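Given the structure is predicted, the values throughout are model-derived calculations rather than measurements.
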Amino acid sequence: IYFKIIEIAKGKEAVNGKDGSVKNLYSKTRNKINIKEDVQGNVNYKELNMIQSIHKGDVICQITPPTLSVNGVSVTGKLLADIDGEVVYEGNKFNVKNLLTINHDVDNSIGNIDFTGDILIKGDVREGYSVKAEGDVTIFGTVEGATVIAGGDLTIERGMTGGNKGVIETQGILKCRYLENCRVYAKGGIEAEQIMYSALSTDDSIIIKGRKGSVTGGKLIAGRSIEAVSIGTPLNGNLRTEIVLGAVPELIMEEKRIQTHLDDIQDNIFKMAQDIKYLESNIENVNVERKELLKNLKFQYQIMNMQKMKYETSLEKIKRKIQSNTEMCSLKCSNIYPIINLNVCGSLYTLDMELKECSIARKNDKTYIMSPNLKETIVF
């Protein structure tokens, strides 16, 4: 039987409990004046209704008892937690907290951290240690040659002094003051004040602004845009800074992955077609087993072609997405100093002159460099 979904195991979802409630049918305040108005709008001020009389058997309050929660159970019979976080035993029961707070440095006193929720570190992250979180990470101090990985946003109040060992990976936005000698990937974008000799990569934008707003050396890859006060340095004419625009790292990796699968499937289809052709050419001389093999090969051949069409469609979508991003890529910089190696959507150019109020834009598959210093716009 093919293409039929069969249930082989079933768990049980957790059910939240509900708080109990009390609906009072009588006033809690004794001797409270309760003047009533009749249907004609008349009021008898002698009827103050201060005394609440009750008969035997009358209901004073309607009480709704709380409902108990029901634990979820996996297909293996294990109890399930309702949220991600840190499990702690407090008040004679287990609790799950989704914020882990470290009140000091991450060093040999606590070791590496791998947490399912959010992390708040009130100190530094020392060299050689790693911090991993499925949620947001906030660090009040400095990150040395360490590894910090966040499933959400990452905020470093100071910055990273990586010593060519520091690694940052975040699926959200990275915000910090400086990045030095480190490697960074931030899917949602990067905001900093100073970049020195580092490799930065993002699917979105890199914004370097503030007191310095400078980029010195290293490599910057941005899917959309780069904005800075200065790129390069006037003090070292041999220093090279590499800028790559319009390359979305995640999309490019996905494109390569799909292309690899597509190539493998096409190879398998080619080999399978040869086997089918060979068996069909000798169909009169093959036995029952070979005929059954031919039947199975033809079925697999159809499945392979369906998979091929699926990957071709996915590859086309990825390429269209990459193309749409390249049309929006841009760069703005108040001061740009040589030498800058530019790669804009695959078009290469080496900028060997100083430019003021420089801007780079992409239109109709061409890249334009504009500046008041230039007699005419550079097109490549």
Side-chain angles (χ1 to χ4, degrees), residues 158-164 166 168 173-186 189-249 325-380:
R158 295 180 184 174
M160 172 177 269
T161 307
N164 293 319
I168 289 175
I173 299 174
L174 168 63
K175 295 182 180 181
C176 63
R177 287 177 57 192
Y178 60 86
L179 296 166
E180 181 179 355
N181 290 305
C182 58
R183 179 169 57 85
V184 174
Y185 169 69
I190 299 170
E191 298 179 14
E193 293 184 15
Q194 188 174 17
I195 307 297
M196 294 168 284
Y197 314 107
S198 297
L200 275 58
S201 178
T202 178
D203 295 7
D204 204 273
S205 300
I206 299 175
I207 300 175
I208 313 301
K209 59 183 181 180
R211 187 168 58 88
K212 292 187 176 180
S214 62
V215 178
T216 306
K219 183 176 182 178
L220 274 62
I221 302 175
R224 289 188 179 273
S225 63
I226 295 175
E227 183 178 342
V229 176
S230 67
I231 300 176
T233 174
L235 304 177
N236 185 354
N238 295 320
L239 179 69
R240 289 181 179 267
T241 303
E242 189 172 352
I243 302 293
V244 181
L245 280 170
V248 181
N325 283 341
T326 60
E327 291 296 325
M328 294 185 289
C329 66
S330 64
L331 180 146
K332 291 183 179 180
C333 184
S334 299
N335 299 286
I336 194 164
Y337 303 99
I339 299 173
I340 307 295
N341 292 333
L342 291 170
N343 181 340
V344 184
C345 306
S347 299
L348 306 179
Y349 188 84
T350 300
L351 190 62
D352 57 359
M353 65 186 78
E354 180 180 340
L355 297 177
K356 300 287 187 182
E357 302 302 326
C358 177
S359 63
I360 298 175
R362 182 83 173 169
K363 187 176 181 180
N364 298 328
D365 294 330
K366 291 184 179 181
T367 303
Y368 299 82
I369 302 177
M370 296 157 282
S371 170
N373 296 56
L374 296 171
K375 294 182 179 178
E376 59 182 20
T377 301
I378 298 174
V379 182
F380 65 97

Student: Here's a test for you: under side chain to side chain contact (heavy atoms under 4.5 Å, CB included), which of Ile231, Ile369, Leu374 qualifies with Cys358?
Tutor: Ile369
Student: Does a donor on one side chain and an acceptor on the other come within less than 3.5 Å for Thr233 and Thr216?
Tutor: no
Student: Assess the side chains of Tyr185 and Asp203: does a donor N or O sit below 3.5 Å from an acceptor N or O?
Tutor: yes
Student: Side-chain contact test, heavy atoms from C-beta onward, threshold under 4.5 Å: evaluate it for Leu239 versus Tyr197 and give yes or no.
Tutor: yes
Student: Indicate the atoms forming the closest heavy-atom contact of Lys356 with Ser371, along with that distance.
Tutor: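 Heavy-atom minimum between the residues: O-OG, 2.7 Å.
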Student: Which residue in the set Met160, Lys212, Gln194 passes side chain to side chain contact (heavy atoms under 4.5 Å, CB included) when paired with Tyr178?
Tutor: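 Testing Tyr178 for a side chain to side chain contact (heavy atoms under 4.5 Å, CB included) against Met160, Lys212, Gln194 leaves exactly one candidate, Gln194.
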Student: Rounded to the nearest 0.5 Å, what separation is found between the OG atom of Ser230 and the CG atom of Asn335?
Tutor: 6.5 Å
Student: Of all heavy-atom pairs between Phe380 and Ser347, which one has the smallest distance, and what is that distance?
Tutor: CE1-O, 3.4 Å
Student: After noting the C-alpha distance and the side-chain angles of Ile190 and Ile207, does the key distance pass the side chain to side chain contact (heavy atoms under 4.5 Å, CB included) rule?
Tutor: CA-CA 6 Å; Ile190 299 170; Ile207 300 175; over 6 Å; no
Student: Can you tell me if Ser198 uses its side chain to pair, donor with acceptor, with the backbone of Leu200 under 3.5 Å?
Tutor: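 Judged by distance alone, no pair lies under 3.5 Å.
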Student: For the atom pair NZ (Lys209) and CD (Glu191), what is the distance rounded to the nearest 0.5 Å?
Tutor: 6.0 Å
Student: Within the 4.5 Å heavy-atom criterion, are Val344 and Arg362 side-chain neighbours or not?
Tutor: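 Val344 reaches Arg362 side chain to side chain.
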Student: Quick one, Thr241 with Asn341, criterion side chain to side chain contact (heavy atoms under 4.5 Å, CB included). Give me CA distance, side-chain angles, the key distance, then yes/no.
Tutor: CA-CA 6 Å; Thr241 303; Asn341 292 333; over 6 Å; no
Student: Closest approach of Asn373 and Leu355, non-hydrogen atoms and distance?
Tutor: CB-CD2, 3.9 Å
Student: Taking side chain to side chain contact (heavy atoms under 4.5 Å, CB included) as the criterion, tell me which of Ile195, Leu179, Val229, Ile226 meets it with Ile208.
Tutor: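 One option only clears the test, and that one is Ile195.
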Student: Between atom CE of Met353 and atom CD1 of Ile339, what is the distance when rounded to the nearest 0.5 Å?
Tutor: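 Atom-to-atom, Met353:CE and Ile339:CD1 are 12.0 Å apart.
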Student: Determine whether Thr161 and Asn181 satisfy the following criterion, side chain to side chain contact (heavy atoms under 4.5 Å, CB included), listing intermediate values before the conclusion.
Tutor: CA-CA 6 Å; Thr161 307; Asn181 290 305; over 6 Å; no
Student: Between Ser205 and Arg224, is any side-chain donor less than 3.5 angstrom from a side-chain acceptor?
Tutor: no
Student: Please report the closest heavy-atom contact between Cys345 and Cys329, naming both atoms and the distance.
Tutor: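 Reported closest heavy-atom pair: SG-SG, 3.7 Å.
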Student: So, do Leu342 and Ile360 sit near enough that their side-chain heavy atoms are less than 4.5 Å apart?
Tutor: yes
Student: Restricting to non-hydrogen atoms, name the atom on Pro338 and the atom on Glu354 that form the minimum distance, rounded to 0.1 Å.
Tutor: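 Distance-wise, the nearest heavy atoms are CD-N, 3.8 Å.
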Student: Cys182 and Gly162: which non-hydrogen atoms are nearest, and at how many Å?
Tutor: CB-CA, 4.3 Å
Student: Please test Ile336 against Leu351 for side chain to side chain contact (heavy atoms under 4.5 Å, CB included), starting from the C-alpha separation and ending with a verdict.
Tutor: CA-CA 9 Å; Ile336 194 164; Leu351 190 62; 3.9 Å; yes
Student: Is the side chain of Asn364 donor-acceptor paired with the backbone N or O of Lys366 at a distance under 3.5 Å, no angle test?
Tutor: no
Student: Which value, rounded to the nearest 0.5 Å, describes the distance between Leu331 atom CG and Leu245 atom CG?
Tutor: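 One finds 5.5 Å between CG of Leu331 and CG of Leu245.
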Student: Of Val379, Ile378, Thr367, Ile340, which meets side chain to side chain contact (heavy atoms under 4.5 Å, CB included) against Tyr349?
Tutor: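 The residue from Val379, Ile378, Thr367, Ile340 that satisfies side chain to side chain contact (heavy atoms under 4.5 Å, CB included) with Tyr349 turns out to be Ile378.
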